[in-house]
Amino acid sequence: MLQLNYIRENKEEVINRLAIKNFKNADNIINTIIELDTNRKAAQKQADDTKAEANAMARQIGDLMKSGKKEEAEVLKAKTGELKNTEKVLDDKQKSIEAEIQLLLVTVPNLPHSSVPTGKGAEDNTVVLEFGDKPQLPANAKPHWELTSKYDIIDFEMGVKLTGAGFPVYKGKGARLQRALINFFLDRATARGYNEVQPPILVNEDSGYGTGQLPDKEGQMYHATVDNLYLIPTAEVPITNMYRDVILKESDFPIKNCGYTPCFRREAGSYGKDVRGLNRLHQFDKVEIVQIAHPAESYKILEDMKDYVADLLKELGLPFRILKLCGGDMSFGSALTYDLEVWSAAQQRWLEVSSVSNFETFQTNRLKCRYKDDKGKTQLAHSLNGSALALPRIVAALLENYQTEDAITIPKALVPYCGFERIS
RNA sequence: GGAGAAAUGGCAGAGUGGUCGAUUGCGGCAGUCUUGAAAACUGUUGUACCGUAAGGUACCUGGGGUUCGAAUCCCUAUUUCUCCGCCA
């Protein structure tokens, strides 16, 4: 959520930058918000003045009572009735304007960073790095969904029986590979100074709002309605919400957390070949890295996070590329996003395995995550997060890229974690 | 799940209808003293909104109510603690 004061003071700039995100009707919405805010201020002034008057009168009545002047007190009491009514009306007015502002404000996306390229969609993203050689596969190379059944390591049909499509059952060395990847990712992250946390995978409504999944992406989360809890779509939600309503000290920075959780996404509305095999699941495993940063440091940190994820892919020996997303392809809350995609050799396509973003104050404004600066003033912190990494597509690329005639070779870095060198 | 108790500022802990945004202690910050530090002493120390400012308003877990006036009384939700039950 953008800061109202910032919108007021930088109206033209806000409208121009929203254009880069292809946000429709920005001019109209921003002007309406500012106008409503002006009304709100006037309403608050009136309400506050009325309350001040009522408070003064109550004090007077108290004094009169104490000094035994009951009749005078009664006279004043009679006067307060009208004041109370006015108070109620003005309060309601203020509240309804505030609600109106809020309703509009949550529809406005974050402003893109000045380096974000313009563009409409995925085709306009900038490739900032392409790394590694695409492997030459044997003539009869198979896509991962055939390999998984050939070696009996992932059972999609069993998942359908137990739950439904998009909930695979990992078996034998397939299951072990999952565990190996999770441990590998967590070990690397902690070695880089991230503090490992194991958060709940169900969160309440407040947390959903805090990181912005609610209200707009309500339909994308599984909702346990009996207790009004949501299954997390990413560990970003609980880990970032740990800093909801928190005032930090400057010396607390940098705050680096990582965590493994299963992630749950309804993925309502996605069908077709993109969802085959491991390409798109309803439940999957992911290690997430999250930082709360000093605003002056956040872009340096973003680069560092991006480079860290790239290092993971290098260690796994997967060819990858890094994209800087254009305005039209960026997520709602992000100011700058790098996507990391691995080359899936049998599918002959890039698969997104990580998205690393700086949200600047967009999340922390809603979360009320602040710090005291050197002048003792409270300021909003910056929040950043990235996948490091999501498992399914990594597994897909590993299986496809490392396949031989009769086996799948495990990359060196993973062997100590797997306890085997090949799947055959 | 049943019965009872409780929730106050960074922490501890007073406050049971009026001048309480809240006594006090600890912690934090600034200063005095000191070569420096500690100790001691002095001062200061929540957040948000409105206002150029003076100042005003709101917040004592959340929501609602009683009252001229609520941290204080009532209702409700949540959480915590104790006892009982159940249980990985």
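Quantities reported herein were computed from a predicted structural model and do not represent experimental measurements. So you know, we letter chains A, B, ... as the sequences are listed, proteins then strands, and number each from 1.
Counting any heavy atom pair closer than 4.0 Å across all strands shown, A:Ile61 reaches a base atom. A:Lys372 comes within 4.0 angstrom of sugar-phosphate atoms only, judged by non-hydrogen atoms across all strands, and of no base.
Using cut-offs of 30° and 60° for the angle between ring planes, the A:Phe332 and A:Phe362 rings count as perpendicular.
At a threshold of 4.0 Å, the pair A:Glu13-A:Arg17 counts as salt-bridged, since one of the basic side-chain nitrogens sits closer than that to a carboxylate oxygen.
For residues 175-185 of chain A, the pairs satisfying side-chain hydrogen bond (donor to acceptor under 3.5 Å, both in side chains) are A:Gln178-A:Asp285, with sequence neighbours left out.
A sub-4.0 Å separation between OP1 or OP2 of B:U47 and a side-chain N or O of A:Arg370 is absent. Of the side-chain N and O atoms in A:Lys84, one or more sit less than 4.0 angstrom from OP1 or OP2 of B:G69.
Among the nucleotides B:G64, B:U47, B:C68, the one closest to any side-chain atom of A:Thr378 is B:U47.
No side-chain donor-acceptor contact under 3.5 Å links A:Glu297 and A:Gln291.
Under the 6.0 Å distance and 45° angle rule, A:Lys173 does not count as a cation-pi partner of A:Tyr151.
Pair check for B:A3 finds B:U82; Watson-Crick or G-U wobble, both atom distances under 3.5 Å. Partner assigned to B:G31 is B:C41, using Watson-Crick or G-U wobble distances below 3.5 angstrom.
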Original post:
Using a cut-off of 4.0 Å between protein heavy atoms and nucleotide atoms, how would you tag nucleotides 53-62 of chain B 5' to 3' with B, S and -?
Top reply: ---BSS----
Detail all sub-3.5 Å separations between protein N/O atoms and N/O atoms belonging to nucleotides 72-76 of chain B.
none

